[in-house]
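Below: one structure, written as C-alpha cells.
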Amino acid sequence: MALMDFIKKQFIDIIEWVEEGDATLAWRYPVADREIQYGGSLTVRESQLAVFVNEGKVADVFGPGMHRLTTQTLPVLTYLKNWDKLFESPFKSDVYFFSTRQQIDQRWGTTQPVTIRDKDFGAVRLRAFGNYAYRVVDPKLFHTEISGTRERYTAADLDGQLRALMLQHISDAVASSGVPFLDLAANQVEFAQQLATAAAPAFEKIGLRLEGVTVQNVSLPEELQKVLDQKIGMGMVGGDMGRFMQYQTAQAIPKFAEGGGQGSGIAGDAMGLGAGVALGQVLAQNLSQGLQGAAQPGAAPAAPAALAPDQVMATIEKLAELKAKGILTDEEFTAKKAELLEKLV
C-alpha cells in the first residue's frame with residue numbers, strides 16, 4: 001500500500017448525523033475503507049445516541065454533545081501506533097447513530113376479533129384500534145437484538161413486530177382494568193393506560209420505551225352486536241320474558257309490513273296489511289295482559305302460560321345459542337330452561 005494512498009483514505013475528522021427525514025431508528029456512518037483520525041470529533045445531537053462497534057463488539061455508547069476521540073474517551077481508537085505494519089491497523093470500528101425522538105402515530109388494531117373474558121357476558125369477541133408512540137432508550141440492546149449491522153433501520157421495519165406486541169396484551173389489559181365491556185367505550189383512557197402497562201415490558205426487552213397508547217374505538221363483530229342489542233332490550237324490561245316478547249313484537253311490526261309491502265300488486269299489499277294486522281292483534285293481547293296484571297297488584301300470581309312443546313324447544317335452542325356466544329351465563333340459561341320446561345302442556 002502506497003503512503004499517499006493511505007493518507008488519502010485514512011482520516012475521518014468529524015463524525016455526525018443530520019437526519020434527512022422521519023422514521024429512521026438506526027443509521028450506520030459510512031466509514032467504508034477509511035479510518036477515524038485520532039483526536040477527531042464525534043458530534044451527537046440532543047435527539048441522538050451513538051454507538052461504536054469494534055471488531056463486532058459494542059465498544060462504547062455516546063450521549064449528546066461533542067466528543068474528542070482519544071485513547072482516554074475510547075481506547076480502541078489508537079490507529080497510528082502500527083508503523084511496523086505499514087499503517088494497516090488491526091482495528092475496524094463502525095459508528096451507528098440512533099434517533100431517540102418519539103416515533104408517533106404508530107397504528108395498532110385487531111385484524112380479527114379478540115376473545116376476552118368479561119364479568120357481565122362471560123366471554124366476548126371485540127375489535128379495537130388506536131395509536132401508540134415509542135422511542136429508542138437503550139441503543140446497545142436495540143443494536144444487538146434488532147437493528148444489527150444494517151446500514152439503515154426504520155420504524156416501518158419494526159411496525160409488524162410492535163403491532164403484534166400490542167395486540168397480544170389486549171386481553172391482559174381488559175382483565176387488569178376490571179372494566180366491563182359495556183363500560184369500555186366510556187373508559188377508553190383507562191383501557192389505554194392498562195394496555196400501555198401490559199405492553200411496556202415487551203418494548204423494554206428490545207431497547208425501546210412505550211411512551212403512550214390511545215384507544216380510538218372498541219366494538220363487537222356485527223353478529224354479536226345484534227345479540228347484545230337483544231340482551232340490552234331484555235335488560236330494559238327487567239328480564240321479564242313476556243314484556244321482552246312485547247318489545248320484540250313491536251320492533252317486528254314495521255319490518256313485516258315493509259317486507260310484505262315489497263310484493264307486487266294487490267297480493268303484496270294484502271300480505272303486508274295482513275302481517276301488520278296479525279302482529280297488531282298479538283301486541284294488543286300482550287299489552288292487555290300486562291295492563292291487567294298491573295291493575296291487580298293484590299291478586300294472586302297467575303299460573304305460567306302453557307306453551308306448545310315445539311315453542312318451548314325452539315326457545316331453549318335460542319337460549320342455548322346465546323349461552324354459546326357468551327351472552328347468557330350457565331346459571332341464566334339453566335334458570336330460563338327450567339322455567340320454560342314448567343310451561344309444557
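- When side chains are defined from C-beta on, Thr43 does not count as touching Ile15, because their heavy atoms never get closer than 4.5 Å.
- Inter-residue side-chain proximity for Arg150 and Trp27 is flagged as unmet; no heavy-atom pair is nearer than 4.5 Å.
- Taking the side-chain contact (heavy atoms from CB on, under 4.5 Å) definition, one finds that Lys140 meets it with Val58, Val61, Asp138, sequence neighbours left out.
- Side-chain contact between Ser171 and Val114 is present, with at least one heavy-atom pair separated by less than 4.5 Å.
- In this structure, Pro64 and Leu49 have side chains that are in contact, with non-hydrogen atoms separated by less than 4.5 Å.
- Note on residues 41-53: pairs passing salt bridge (Lys or Arg N to Asp or Glu O under 4.0 Å), not counting sequence neighbours, are Glu16-Arg45.
- Considering all non-hydrogen atoms of both residues, Gln188 and Val218 come closest at NE2-N, 4.2 Å.
- Both Leu167 and Leu210 are members of a single hydrophobic cluster when ILVMFWY side chains are connected at heavy-atom separations under 4.5 Å.
- Between atom OG1 of residue Thr110 and atom CZ of residue Arg125 there is a gap of 11.0 Å, rounded to the nearest 0.5 Å.
- Scanning for salt bridge (Lys or Arg N to Asp or Glu O under 4.0 Å) contacts around Arg135 gives Glu211, with sequence neighbours left out.
- Residue pairs meeting the salt bridge (Lys or Arg N to Asp or Glu O under 4.0 Å) criterion with at least one partner in residues 161-173, sequence neighbours excluded, are Asp159-Arg163.
- Shortest non-hydrogen contact noted between Met166 and Ala199 is SD-CB, 4.0 Å.
- Nearest heavy atom pair, residue Ser99 against residue Val136, reads O-CB, 3.7 Å.
- Separation of atoms CD1 (Ile170) and CD1 (Ile116) is listed at 9.0 Å; rounding is to 0.5 Å.
- Checked against a 6.0 Å centroid threshold, the rings of Phe62 and Phe52 count as neighbours.
- Partners of Thr100 under the side-chain hydrogen bond (donor to acceptor under 3.5 Å, both in side chains) rule, at least two apart in sequence or in another chain, do not exist in this structure.
- Applying the ring-ring contact (aromatic ring centres under 6.0 Å, His included) test between His143 and each of Tyr153, Phe97, Tyr96 identifies Tyr96 as the sole match.
- When the ring-ring contact (aromatic ring centres under 6.0 Å, His included) test is applied to Tyr132, no partner is found at least two apart in sequence or on another chain.
- Under the side-chain hydrogen bond (donor to acceptor under 3.5 Å, both in side chains) criterion, Thr24 pairs with Arg152, not counting sequence neighbours.
- With sequence neighbours left out, Ala335 forms a side-chain contact (heavy atoms from CB on, under 4.5 Å) with no residue at all.
- Every residue two or more places apart in sequence or in another chain was checked for a ring-ring contact (aromatic ring centres under 6.0 Å, His included) with His169, and none qualifies.
- Looking at Gln102 and Tyr134, their side chains never come closer than 4.5 Å, going by heavy atoms from C-beta outward.
- In this view, Thr197 satisfies the side-chain contact (heavy atoms from CB on, under 4.5 Å) rule with no residue, not counting sequence neighbours.
- Residues meeting the side-chain contact (heavy atoms from CB on, under 4.5 Å) test with Ile206, sequence neighbours left out: Ile146, Leu162, Leu208.
- The closest side-chain heavy-atom distance from Trp17 to Gln48 is below 4.5 Å.
- Between Ala196 and Val213, the shortest heavy-atom distance links the atoms CB-CG2, 3.7 Å.
- Each of Val51 and Val137 belongs to its own hydrophobic cluster when Ile, Leu, Val, Met, Phe, Trp and Tyr are linked at side-chain heavy-atom distances under 4.5 angstrom.
- Atom OG of residue Ser41 and atom NE2 of residue His67 lie 10.0 Å apart, to the nearest 0.5 angstrom.
- Leu25 has its side chain within reach of Gln103: a pair of non-hydrogen atoms, C-beta onward, lies under 4.5 Å apart.
- The stretch residues 100-114 participates, sequence neighbours left out, in these salt bridge (Lys or Arg N to Asp or Glu O under 4.0 Å) pairs: Glu19-Arg101, Asp22-Arg101, Asp105-Arg107.
- One distance of note links OG1 of Thr214 with CD of Gln193; it measures 12.0 Å at 0.5 Å rounding.
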